[in-house]
Protein chains: 2
Amino acid sequence: MITTRDIAERLGVSVSTVGRALADDPRISEETKFRVRQAASDMGYVGNRAARMMRGASSNVVALVIPDIRNSFYSTIAHELSKNMESEGFQLMLSETDDDRTAELRHLRELSANRVAAVIIVPSARPHSESVKLLRALPHVQLLRRHPSLGSQWFGVDDEEALRRATAHLVAQGHTRISYLGGPEELPTGAARLRGFRSALREGGLPDDAGRAELGPPSSVDHGRETVRRLLSGPDVPTALVLGSIQLTLGVLEELSRQGVKVPQELSVVGFGDEPGFSWWGPGLTTVGLPIQEMATGCALWMIRRLKTEPGNDGPYTAVSPGSLILRGSTASPDGGSSPGSA
Amino acid sequence: MITTRDIAERLGVSVSTVGRALADDPRISEETKFRVRQAASDMGYVGNRAARMMRGASSNVVALVIPDIRNSFYSTIAHELSKNMESEGFQLMLSETDDDRTAELRHLRELSANRVAAVIIVPSARPHSESVKLLRALPHVQLLRRHPSLGSQWFGVDDEEALRRATAHLVAQGHTRISYLGGPEELPTGAARLRGFRSALREGGLPDDAGRAELGPPSSVDHGRETVRRLLSGPDVPTALVLGSIQLTLGVLEELSRQGVKVPQELSVVGFGDEPGFSWWGPGLTTVGLPIQEMATGCALWMIRRLKTEPGNDGPYTAVSPGSLILRGSTASPDGGSSPGSA
DNA sequence: CGGCTCTGTGCTAACGTTAGCACTACTGGT
DNA sequence: ACCAGTAGTGCTAACGTTAGCACAGAGCCG
């Protein structure tokens, strides 16, 4: 690797002069600057950020810690962050945890060792205490999920309200056997969505056994497929399904279409998230739309401001985005009548 | 930030002793090691990789440079690389170029300054010459697309053969007005897919005007939607469509289902890639399946070996994965008869 | 013409870590 | 009692860059 010293020796000047010329220091003559820049370009010199960091310069790397980049929520977030960060000179480091707190800890250790400027994290269900310690030593912000022992900087969506609306839509159509398929209750999002489901039932004046919750692993296509198979072949088949994650929705839709279940005649479905295929699935999937992109942009801008302004304004900051129900054709009243959009 | 010096002062030993204790040097007594580790843990010490790198240690960051993480091809690649790299102690840096060579160059400059250990890149159509220079100074490997002026380390798929098969399937069913929708010819992949399309027509003994190519931006859902709209409303409506990118396929499917086009009776379609929704779209989408995951894993393992083994075995290395045609219900002979799978 | 400012450059230390060498205090053999 | 060997630790330099200070030479004023 070419260093400032190599350039200095070649031109017969000192390293300081080279450094200053490259930094466009006003004390250096234009002629010297020109010669230095020429040589630097010739020799393929690229400044060493590691060395700069040792002199107190801060890292230009922001880390994103998420469960799985293949989930479109997270790839949307990654894209939005990357785009915004890049324009401010930051690079994005990607760490996948697969919802495993040990992997999460491993990543956070590496990120700390690499002295990243900040961490944007979708925390696992119950982060290891060392993870919490490492995060607290860095500028960080939580995304989607919110763990109380981490800071109160958080960008998320109103999961409870989103599921309340989704469920209320079914209740309004007269369903009395509704199954909710969602992630584990340990996850803040899982708990919130379940609360939303339950309160919609309560508010609809339904009996306790009107709603069943089928909780499974956080983000599993398989869990969706299998649960559908089990529910449809068991006794007391529900007349409606509300879903609580994107991956789950993908699995459910696939299985329903494989089994040829008539939607919404035999079964009503409300999905979660909005993927390209959801609009052309069966009669069109009625689903919970979430402004993930806007949330990610908001988070990126907040973090940039946080990093650019010197005083560490670590004050609590929370942004909650609302969800909305996208009405298509996958819900109807349980007696077979069709009334999509009658929320 | 806590340094080895802080620990040394607290324990009344030298920095060297602390460093050696943490490195588990056999010359240090067990008792000292214990005390040092205790103190390090107490004080929340995290080694500074920037400083280590200055002493010749290599970076543990591998960069992935791709057009857009939201494209499922790339998110699959990112996931697979991340998973494999993480288990070997590497972190993944994510850079999105949006197929813009200037953005590509900006990223490569940053990556070089950050002294990443290696770069895995899906190069843009015509990389800037400085980009080539920067890449050549680093261990790197190309993915999917292959630019001749970069090294000959490349992992990709046989695009030409994949499109030849897709097109041949339609030709065999008797189609004589086939449109190909794909990315620009400047892209190595775009050119290869177009070649495949054309040679299938030639081999099928079709006249020159049997196939039309509609080329557009590399990876655009909109281009898919718009081209379908234009083709269907114009004269000489094709009886079959072959698609040459995932995003294009998403746009086309959306538009076809919005317009209520009867597939395969009115129009046959062969897609590109295989997304969850493709199996439940209309009659099921016949599509080109590509072993992206296997390719990414292969690439990750190759790069790991390249980085772990000292001698820079930069010898040419090329791996080509084959594609396969996944037969579902979206193709039939143009006279209205249905014969999916009669390739 | 001595002392001043101004311009352009060099020297040196420092950042945190590690490796080579040096040093001290034992142990055991003769 | 003396020397060799060894275990345990400290000192110092080096990595590439930058900032503070020093310094040489030129031009200018009194």
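This one's a predicted model, so the numbers in the text were calculated from it and none came from an experiment. In what follows, chains carry the letters A, B, and so on, assigned in the order in which the sequence lines appear, proteins first and then strands, with residues in each chain numbered from 1.
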Nearest whole Å is fine: how far is [N] [atom2] from [X] [atom1]?
X: B:Arg27; N: D:dA7; atom1: CZ; atom2: P; value: 11 Å
X: A:Phe34; N: C:dG8; atom1: CZ; atom2: P; value: 17 Å
X: A:Ile7; N: C:dG10; atom1: CD1; atom2: P; value: 14 Å
X: B:Leu11; N: D:dT9; atom1: CG; atom2: P; value: 11 Å
X: A:Glu9; N: C:dG10; atom1: CD; atom2: P; value: 13 Å
X: B:Arg49; N: C:dC15; atom1: CZ; atom2: C1'; value: 18 Å
X: A:Leu22; N: D:dT18; atom1: CG; atom2: P; value: 8 Å
X: A:Arg52; N: C:dA14; atom1: CZ; atom2: C1'; value: 17 Å

Could one point to a donor on the side chain of [X] or the base of [N] with an acceptor on the other under 3.5 Å away?
X: A:Thr3; N: D:dC15; value: no
X: B:Arg55; N: D:dA14; value: yes
X: B:Ser14; N: D:dC11; value: no

Practice prompt. Please round to the nearest 0.5 Å and tell me the distance separating atom CG of A:Leu143 and atom CD1 of A:Ile121.
Written response: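 So the CG of A:Leu143 and the CD1 of A:Ile121 are separated by 10.0 Å.
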Residue pair [X] / [Y], side-chain heavy-atom distance below 4.5 Å:
X: A:Thr17; Y: A:Thr32; answer: yes
X: A:Met43; Y: A:Ile7; answer: yes
X: B:Arg145; Y: B:Leu187; answer: yes

Taking only side-chain N and O atoms of [X], does any of them lie within less than 4.0 angstrom of OP1 or OP2 on [N]?
X: B:Thr32; N: D:dT9; result: yes
X: A:Thr4; N: D:dG16; result: no
X: B:Ser29; N: D:dT9; result: yes

Worksheet item: When the nearest nucleotide of DNA chain D is assigned to B:Val13 and to B:Met54 on a heavy-atom basis, which residue is associated with the more 5' position?
Response: B:Val13
Worksheet item: When the nearest nucleotide of DNA chain D is assigned to B:Ile28 and to B:Gly56 on a heavy-atom basis, which residue is associated with the more 5' position?
Response: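 In this pair, the answer is B:Ile28.
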Discussion item. Are B:Tyr317 and B:Trp302, when compared by the centres of their aromatic rings, separated by less than 6.0 Å?
Written reply: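 Centroid distance B:Tyr317-B:Trp302: below 6.0 Å, so yes.
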Practice prompt. Could you tell me whether B:Ser16 contacts a base, only the sugar-phosphate backbone, or nothing, with contacts defined as non-hydrogen atoms closer than 4.0 Å?
Written response: base
Worksheet item: Between B:Arg20 and B:Asn48, who's closer to the 5' end of DNA chain C by nearest nucleotide?
Response: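 It is B:Asn48, whose closest nucleotide lies nearer the 5' terminus.
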